[in-house]
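Comments concern the structure below.
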Protein chains: 2
Amino acid sequence: MSRPVGKISFVTPPVPERAATYHHGDLPAALRAATAELITEKGPTGFSLREVARRAGVSHAAPAHHFGDSSGLLTSVAAEGYRLLVARFEEAQPIANTVDRLNAMGKGYVHTALENPGHFGVMCSHELVNNDDPEFSTFAARAFELLVETVTAIANEHNPKLNVDAAAMWVWSAVHGLATLQMGFTNMDDKAGTNDVDELIEQFGDLMVHGLFNGTGTRP
Amino acid sequence: MSRPVGKISFVTPPVPERAATYHHGDLPAALRAATAELITEKGPTGFSLREVARRAGVSHAAPAHHFGDSSGLLTSVAAEGYRLLVARFEEAQPIANTVDRLNAMGKGYVHTALENPGHFGVMCSHELVNNDDPEFSTFAARAFELLVETVTAIANEHNPKLNVDAAAMWVWSAVHGLATLQMGFTNMDDKAGTNDVDELIEQFGDLMVHGLFNGTGTRP
DNA sequence: GTGGATGGCTTGACAGTGTCAAGACCTGTC
DNA sequence: GACAGGTCTTGACACTGTCAAGCCATCCAC
């Protein structure tokens, strides 16, 4: 559905928006880029296959040829988003201090969302994407797996009694909530006294580390 | 936009779906109920104004008369969802033990979501609703306010140094994440070893209470 | 080189959608 | 009983996603 890439740079499309030739070159990538751009501008609601095709300079039915239907295209964009996230998570893996690593992953999550709002908007709209898509589910699972590994490492070092799976879900939920918060997809008043994302992540991290060190994640 | 109600029971519409008379009686409520039902069946994507009108037995343009456009109707449904949530939160307020109260509110959040999936689906789709709507924002703010009050009470009793606002956002994020997890809107493998919602809430609660008791919610 | 064959993309059509303007209908009030 | 105002319908418009059919460029065997 999309070719493997080495260094990831999805934000700017690898091909010009209007191709001179009949054959586009890499239309799927251009369509994903146009989709992310459109959703960044107008939100997931403003998305339409025909508008995406228009922006890519192709006919209205061209996207269907590559992605089947609109959920196929959106799923591909979401998969790209998770691939970006996995890349960020993997950058943090060499950090030896496990708590610092978890903090870095949290920052990575929120920054990925802020830097790729089009992708993140689709990743959050679970009704729009096809969860069974192998590429999508592979990257999504890998991202969560990396989190579980880090939480496991923290547990091994500091708190062997921790229910690692529950704790990982808990961390993911909190960080995801913070990301949506920062993107304005929320109804919570942001009164935490700062707009600095990294500071908020560290505030959350301070709270979370006490649970990870001293909690069990089991029924009391 | 909708009448005040005493005891809340939105799930079953107060009027039959097809009105015998030209004037429906309470068409706005019937349209909200049809919307929630439709979204429960088909997800937010499957929603359409015309299908809602069909289910309510009125013409395709009737919803627009009451709600302006589709986002007006969805906003009203989301507001109803927050009203349900506030009602649940208020039921928990008499609980004297503040930690138990917070746990009860967490359970209330998740159960409200599970029992009203149509409403919750809209509440989560922040692009679909008009955040400036006074009724919507009032109930949403009230729900968060009740959470802040409870976290404040816990801080006063156990941990005066706690950054209450950051902690409240943190709790909300985690509980919201758990709710979406339970509703299947997620890519996390649920490996926590249970499908019992109340047990999961208590697992999260065990982790969270250590942060609330011992953390500060400030940059270390 | 040349002639298929194959995949990439276009064209045209269809039913369905949201929104608007105009009008029909009912109900309460004087 | 007339009238005013809110409730709902009708009809139209531009737009959408999807499908079937066909055109076009490229590639590979010959």
Side-chain angles (χ1 to χ4, degrees), chain A residues 1-3 13-32 34-35 38-39 41-77 122 125 127-130, chain B residues 1-3 13-32 34-35 38-39 41-77 122 125 127-130:
Chain A
M1 186 162 281
S2 73
R3 81 238 177 280
V15 288
E17 289 195 6
R18 275 192 179 273
T21 63
Y22 183 91
H23 284 77
H24 187 283
D26 193 355
L27 185 55
L31 291 171
R32 275 192 295 271
T35 300
L38 179 57
I39 294 178
E41 284 176 28
K42 305 191 179 177
T45 319
F47 164 81
S48 95
L49 271 183
R50 286 171 112 105
E51 176 63 24
V52 165
R54 239 171 269 134
R55 293 190 178 211
V58 291
S59 77
H60 67 266
H65 177 70
H66 290 281
F67 298 103
D69 56 6
S70 77
S71 106
L73 173 53
L74 292 171
T75 301
S76 184
V77 172
V122 182
S125 304
E127 321 80 28
L128 300 177
V129 307
N130 173 20
Chain B
M1 187 162 283
S2 71
R3 81 236 179 279
V15 287
E17 288 195 6
R18 275 191 178 274
T21 62
Y22 183 92
H23 284 77
H24 187 284
D26 193 356
L27 185 56
L31 291 171
R32 274 192 295 271
T35 299
L38 179 58
I39 294 177
E41 286 176 28
K42 305 191 179 179
T45 318
F47 165 81
S48 97
L49 270 183
R50 286 172 113 105
E51 176 63 23
V52 165
R54 238 171 269 136
R55 292 191 178 209
V58 292
S59 78
H60 67 266
H65 176 70
H66 291 280
F67 298 103
D69 57 4
S70 77
S71 107
L73 173 52
L74 291 171
T75 301
S76 185
V77 172
V122 183
S125 305
E127 321 80 29
L128 300 177
V129 307
N130 173 18

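So that the names make sense, note that chain A is the first sequence line, chain B the second, and so on, each numbered from 1.
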Proximal nucleotide (of [options]) relative to the [X] side chain:
X: S59(A); options: dC8(D), dT10(C), dT17(C); result: dT10(C)
X: S48(A); options: dC8(D), dT19(C), dT16(D); result: dT16(D)
X: S70(A); options: dC8(D), dC9(C), dT18(D); result: dT18(D)

Protein-nucleotide distance ([X], atom [atom1]; [N], atom [atom2]), rounded to Å:
X: L73(A); N: dC9(C); atom1: CG; atom2: P; result: 14 Å
X: E51(B); N: dG18(C); atom1: CD; atom2: P; result: 10 Å
X: D26(A); N: dG7(C); atom1: CG; atom2: P; result: 17 Å
X: L31(B); N: dT7(D); atom1: CG; atom2: C1'; result: 12 Å
X: D69(B); N: dT19(C); atom1: CG; atom2: P; result: 5 Å
X: F67(A); N: dG8(C); atom1: CZ; atom2: P; result: 12 Å
X: R54(A); N: dC9(C); atom1: CZ; atom2: P; result: 18 Å
X: H66(B); N: dT9(D); atom1: NE2; atom2: P; result: 9 Å

TODO: Look at H65(B) and dC8(D) and indicate whether a side-chain polar atom (N or O) is within less than 4.0 Å of OP1 or OP2.
DONE: no
Got a sec, which residues hit side-chain contact (heavy atoms from CB on, under 4.5 Å) with [X], two or more places apart in sequence or on another chain?
X: A62(A); result: L27(A), V58(A), S59(A)
X: E41(A); result: E37(A), R55(A)
X: T75(A); result: S71(A), V129(A), N130(A), D133(A), F136(A)

Open item on the list: Angle between the two end axes of the helix from dG1(C)-dC30(D) to dC30(C)-dG1(D), five base pairs per end, rounded to 10 degrees?
Closed with: 0°
Open item on the list: Applying a 4.0 Å non-hydrogen cut-off, can you work out what A64(B) is touching in the nucleic acid: base, sugar-phosphate, or nothing?
Closed with: nothing
If you measure from [atom1] on [X] to [atom2] on [Y], what distance do you get to the nearest 0.5 Å?
X: H66(B); Y: S76(B); atom1: NE2; atom2: OG; result: 11.0 Å
X: S48(B); Y: L38(B); atom1: OG; atom2: CG; result: 7.0 Å
X: K42(A); Y: E51(A); atom1: NZ; atom2: CD; result: 5.0 Å

TODO: Please report the shortest heavy-atom distance between L31(A) and P63(A), naming the atom on each side.
DONE: CD1-CA, 3.8 Å
Task: Side-chain touch P44(B)/L128(B), heavy atoms, less than 4.5 angstrom - done: yes
Task: F47(B) side chain near L73(B) side chain, heavy-atom distance below 4.5 Å - done: yes
Write out a two-atom table: protein N or O, nucleotide N or O from nucleotides 11-13 of chain D, distance below 3.5 Å.
unit_1, atom_1, unit_2, atom_2, d
dG11(D), O6, H60(B), NE2, 2.8

